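Here is the structure we will look at.
Note that the structure is predicted; figures quoted are calculated from it, not measured.
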Amino acid sequence: MATTTKTGYCNGSDMLLYIAGKAVGHCTTHTTTITSETKDRAVKPAASKGISAGLWKNKGVTGLSVSLSAEGLVFYQETETGYKSCLSLIGKGQSVEVKCMERENADKPYLTGKFVIASLERTDAAQDDATYSISLENDGEVDFDETAITEVPESAGA
């Protein structure tokens, strides 16, 4: 398979979110948020330092979490993961397999893991497209593979 070198800005349509083995269908946007949970550590300054040296706190990472959200249009002939399948999945009360990847790198996701569907919302406005949104939170360790993201630092091209 020939590798295409991408240039310029990443088009959001190239990035896909898969839930339970299928891409989120008719997805208009998805967001990934990676959070570090931290703890402040304040210590008394060394005797040789001024009292103001004790004003600076150290941070320690005590946990990591990932949350994902997506929005899409409700489509009657949906063949991917749409509102109906999300409703079925949340009703089971179990975690689901999730992965994020570039469209042309389906065999190499940059994020994989088990996630719990934290919320599922549907909006049916008069005379407008019906939409849905889903929020997911990691259930255990998430695997990241930064090599699966097409981003070439300037120094790598020289």
(message) Quick check on side-chain contact (heavy atoms from CB on, under 4.5 Å): which of L89, T81, V116 does V96 satisfy it with?
(response)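 For V96, the side-chain contact (heavy atoms from CB on, under 4.5 Å) test succeeds with only one of L89, T81, V116, which is L89.
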
(message) Which residues pass the ring pair (Phe, Tyr, Trp, His ring centres under 6.0 Å) test with H30, not counting sequence neighbours?
(response)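 In terms of ring pair (Phe, Tyr, Trp, His ring centres under 6.0 Å), with neighbours along the sequence ignored, H30 is linked to no residue.
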
(message) Atom CD of residue position E141 - does it have more than 12 heavy atoms of other residues, nucleotides or ligands inside 6.0 Å?
(response)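 Atom CD in E141 is not packed in, count stays at 12 or less.
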
(request) Verify the neighbour count for atom CD1 of I51: are there more than 12 heavy atoms of other residues, nucleotides or ligands below 6.0 Å? (result)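 Not buried by this count: 12 neighbours or fewer within 6.0 Å.
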
Might you point out which heavy atoms bring [X] and [Y] nearest each other, and give the distance in Å?
X    : Y   : answer
T38  : T62 : N-OG1, 4.0 Å
Y132 : L73 : CE2-O, 3.7 Å
K114 : E97 : NZ-OE1, 3.5 Å

(message) Restricting to side-chain contact (heavy atoms from CB on, under 4.5 Å), what partner residues turn up for D128, sequence neighbours left out?
(response)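 Result, side-chain contact (heavy atoms from CB on, under 4.5 Å) vs D128: A125.
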
Heavy-atom distance under 4.5 Å between the side chains of [X] and [Y], does that happen here?
X    : Y    : result
F115 : N138 : yes
C100 : L68  : yes
T150 : N105 : yes

(request) Ignoring hydrogens and angles, tell me if any N or O in the side chain of E78 forms a donor-acceptor pair with the backbone of E80 under 3.5 Å. (result)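 A pair under 3.5 Å: yes.
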
(request) Could you tell me whether the side chain of R103 and the main chain of S13 form a donor-acceptor pair under 3.5 Å? (result)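 Yes: the side chain of R103 pairs with the backbone of S13.
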
